[in-house]
Amino acid sequence: MRARPISPEQRARLRRAAAGAPRRPWTFWVLAILFGAYVLALYGPMLCIYVLSLQDIRGGLVFPMKGLSLHWFVDLFTQVRTGDVKGGFQRSISLALLVTVLTVVGSFLAGLAFRQRFKGDGVVFYLMIGSLVAPGLVLGIGIGLLFQYLGLPPSWYTSALGAHLSWTLPFGVLVMFAVMSRFDRSWEEAARDLGATRWQSIWLVVVPILAPGLLAVALFGFTLSYDEFARTLQTSGSLNTLPLEIWSMTLNVTSPSLYALGTVTTIASFLIIGMCLGGIALIQRRRARHNPSV
Amino acid sequence: MTVGKGHIELAGIYKRFGEVTAVDGVNLHIPDGAYCCFLGPSGCGKTTILRMIAGHEDPTGGEILIGGEDVVGLPPVARRTAMMFQSYALFPHLSVRENVAFPLRVRGQGQAERFRAADEMLEKVRLSELAHRLPGHLSGGQQQRVALARAAITQPRVLLLDEPLSALDEQLRIQMRTELRRMQRELGITFVHVTHTQMEAIALADLVVVMEKGKIKQAGDAREIYSRPHDRYVAEFLGGQNVLSGKATGAQGGNVTVGLQGAAGLCVTLEPGRRVALGEPVDLAVRRDDIILRRPEAGAVPEGWSALNTRIKAIEYQGLFVKVMLDAVGEGEFVAYVAERDFFSDPMQMGDIVVASWVAERSLLLA
């Protein structure tokens with residue numbers, strides 16, 4: 001047989017074969033189709049909303065698209081009849097930030113505490129899991145009733161804050177457990193051995209080493225609180241958070257500015273998630289792979 | 001008694017973890033500036049002793065004196081000890097230089113000053129060009145040198161090393177062993193090193209402490225430990241000795257005859273002050289390299305030699321010598337290390353009947 005020049009495709013195929021990657025089995029295609037359908041089901045409806053929010057003034061709530069403009073975004077922030085979007089947004093962001101800070105601090109301390117057994121550790125743990133599995137709406141109603149009974153006015157920064165923490169804190173602690181399992185105790189011991197005080201060993205060693213994990217906890221805390229609906233419904237008082245605002249808009253606003261709102265909040269969420277993941281990636285790139293002992 | 005600043009004295013220390021006694025009444029003097037190795041299998045309590053000297057563990061009872069003062073209850077800084085952890089425990093988020101400067105940082109030294117000191121230290125361990133790297137980008141040997149530099153930068157009076165070479169491969173281990181000894185001479189401070197590797201201990205230490213089950217079995221200089229083991233445990237743990245069990249069958253002057261199953265009496269010298277009753281079970285140790293193998297037809301062994309008829313079970317070439325495994329008498333191994341040249345001048349085969357012989361007075365009666 002004569003030697004023929006090999007095309008790039010053939011070469012790629014040969015390389016794959018040499019690397020031990022044979023033709024894909026039929027199961028690959030079945031699973032790929034399933035996955036594709038899943039992604040479509042997940043993002044399809046949302047995509048519809050993003051697309052429909054870009055209509056012009058003639059736009060309605062359903063396809064087909066009428067024109068292409070940012071009209072409804074402007075409308076969202078200028079028209080009063082659409083509801084208190086700006087206020088809701090501010091409250092939701094403030095609440096989410098507050099929840100984030102408390103969740104990170106609480107989870108970090110719990111992570112440190114749960115490294116060894118202490119009296120009542122089992123009780124604390126199961127109480128925590130309990131508040132994680134309790135139905136959010138019921139829990140919210142309970143908190144609302146309790147505030148009423150105590151004669152306290154419910155508001156987003158008291159009752160709703162507590163309701164959100166009942167959800168984000170156990171979540172954060174569970175994430176923290178996973179993070180702490182990769183923490184080498186001898187780092188702390190070494191810090192002490194080298195003369196660091198307890199505070200120095202926490203600030204100069206423990207916190208920086210755990211930083212990516214703490215960022216992950218922060219991310220969870222923020223996103224869980226930012227779009228929490230069930231636990232907020234009966235606890236936010238007279239002023240709405242953003243999810244409540246959107247919900248009330250679905251009841252009485254019949255313009256694509258509802259969709260514009262969906263698009264804006266999604267962008268805000270993605271920005272925050274992106275910033276957190278970027279931060280984690282940056283820390284980890286800067287950092288070496290973990291010690292051989294871990 | 002005057003004691004140096006790095007003199008360590010352990011006085012009756014013991015340590016219990018719940019039901020388990022990890023360290024069971026240990027007494028020991030470690031002279032100032034000595035290289036001391038604790039040697040024993042895992043779980044023998046050697047690391048616990050190290051951690052108690054370092055101040056990471058408090059003894060359940062007993063005293064630990066460093067430089068003459070009782071340090072029990074003091075934090076590591078007040079003891080002026082520094083510990084090198086088995087995993088090195090380098091801080092993964094700090095560069096090599098920041099790691100080495102860390103002890104000075106927590107002591108409130110300014111950045112310029114502490115980095116200068118760190119750079120000097122890094123020069124000593126020959127890592128200057130890697131000062132800006134993160135620990136994860138270093139090899140095992142380099143990480144170890146960083147850990148050493150970081151531990152030594154505060155000029156401790158005692159440096160404690162927990163299995164410092166166990167994470168390294170064989171060749172590097174031998175290289176770093178030399179490096180550790182060089183650093184110890186250069187710093188002139190007491191090193192206490194924990195290991196389970198016999199060769200590491202006897203190559204490095206001025207004082208070898210052999211431990212078993214929380215107790216010291218024997219402490220002494222390397223040569224003494226290796227060539228004059230006190231009992232069966234030490235002899236077998238250090239290797240290099242054959243331990244033969246028998247019964248005292250006779251006595252003559254300062255010598256005892258030890259009867260072995262199926263062998264003529266072996267003569268061994270009694271140490272002064274040692275008494276053995278007739279019929280008492282005794283252990284006898286003979287160095288593997290003291291054994292000369294003869295063919296049976298070569299005639300009787302000379303006066304003053306002991307001999308044992310046996311058979312060659314296996315032969316292993318070791319380069320410097322040939323390891324000849326012989327049919328054991330009783331329990332334990334019976335091995336002869338034959339110099340390469342001697343062996344190959346008249347090579348023996350597996351299955352050959354041989355006479356293992358040695359100068360009687362070189363054998364030892366074990367406790």
Side-chain angles (χ1 to χ4, degrees), chain A residues 104 108 111-112 115-119 121 176 178-218 276 278-294, chain B residues 47 50-51 53-57 75-96 98-109 133-140 142-144 146-147 149-154 156 158-160 162-163 166-168:
Chain A
V104 169
F108 174 63
L112 291 183
R115 282 185 301 174
Q116 61 224 24
R117 305 297 310 255
F118 56 85
K119 217 173 174 180
D121 56 352
M176 209 58 212
V179 172
M180 289 305 289
S181 69
R182 296 198 336 188
F183 185 83
D184 185 354
R185 199 88 209 240
S186 65
W187 282 322
E188 238 183 319
E189 251 175 12
R192 188 172 110 88
D193 194 81
L194 296 168
T197 61
R198 273 199 114 34
W199 279 111
Q200 282 174 323
S201 86
I202 287 192
W203 283 114
L204 300 177
V205 176
V206 180
V207 169
I209 290 176
L210 292 181
L214 292 172
L215 263 174
V217 171
C276 275
I280 293 172
L282 204 72
I283 292 170
Q284 266 165 355
R285 188 160 1 132
R286 225 191 74 85
R287 200 169 286 181
R289 253 181 255 138
H290 268 278
N291 256 348
S293 64
V294 180
Chain B
T47 297
L50 192 80
R51 291 174 57 81
I53 299 174
H56 292 300
E57 226 52 271
V77 197
R79 297 176 186 219
R80 292 193 42 222
T81 56
M83 181 153 164
M84 209 172 100
F85 291 81
Q86 188 173 5
S87 59
Y88 310 139
L90 297 177
F91 304 131
H93 61 296
L94 298 179
S95 71
V96 165
E98 287 165 333
N99 258 289
V100 176
F102 183 87
L104 305 178
R105 181 174 177 192
V106 296
R107 283 166 174 76
Q109 231 180 62
R133 294 261 188 104
L134 289 168
H137 296 300
L138 302 182
S139 70
Q142 290 164 341
Q143 288 190 14
Q144 202 222 26
V146 178
R150 187 178 69 173
I153 198 165
T154 52
V158 177
L159 193 70
L160 304 154
D162 186 11
E163 307 243 359
S166 61
L168 307 176

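Proteins get letters first, then strands, A, B, ... in listed order; numbering begins at 1 in each. Hydrogens, waters and symmetry mates are skipped; everything else that's a heavy atom, side chains included, is used. Note that the structure is predicted; figures quoted are calculated from it, not measured.
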Which atom of B:F85 lies closest to which atom of A:S186, heavy atoms considered: CD2-CB, 3.9 Å

side-chain hydrogen bond (donor to acceptor under 3.5 Å, both in side chains) partners of B:T47, counting only residues at least two apart: B:D162

Donor-acceptor contact below 3.5 Å, side chain B:R107 vs main chain A:L194: yes

Qualifying residues under side-chain hydrogen bond (donor to acceptor under 3.5 Å, both in side chains), relative to A:R115, sequence neighbours excluded: A:E188

B:H93 side chain vs A:L210 backbone, donor-acceptor pair below 3.5 Å: no

Non-hydrogen atoms of A:D193 and B:H56 that approach each other most closely: OD1-NE2, 2.8 Å

Chain B contact via A:E189 - which portion, at a heavy-atom distance below 4.5 Å: both

Region of B:R80 in contact with chain A, defined by heavy-atom distances below 4.5 Å: neither

Beyond-backbone contact of A:Q200 with B:R105, side-chain heavy atoms, under 4.5 angstrom: no

Closest contact, heavy atoms only, B:S87 versus A:D184: OG-OD2, 3.5 Å

Residue part contacting chain A, namely of B:R79, when any heavy atom lies under 4.5 Å: neither

Closest approach of B:V77 to A:G195 (non-hydrogen atoms, all atoms of both residues): CG2-CA, 3.3 Å

For the student: nearest non-hydrogen atoms of A:W187 and B:F91, plus distance: O-CE2, 3.3 Å

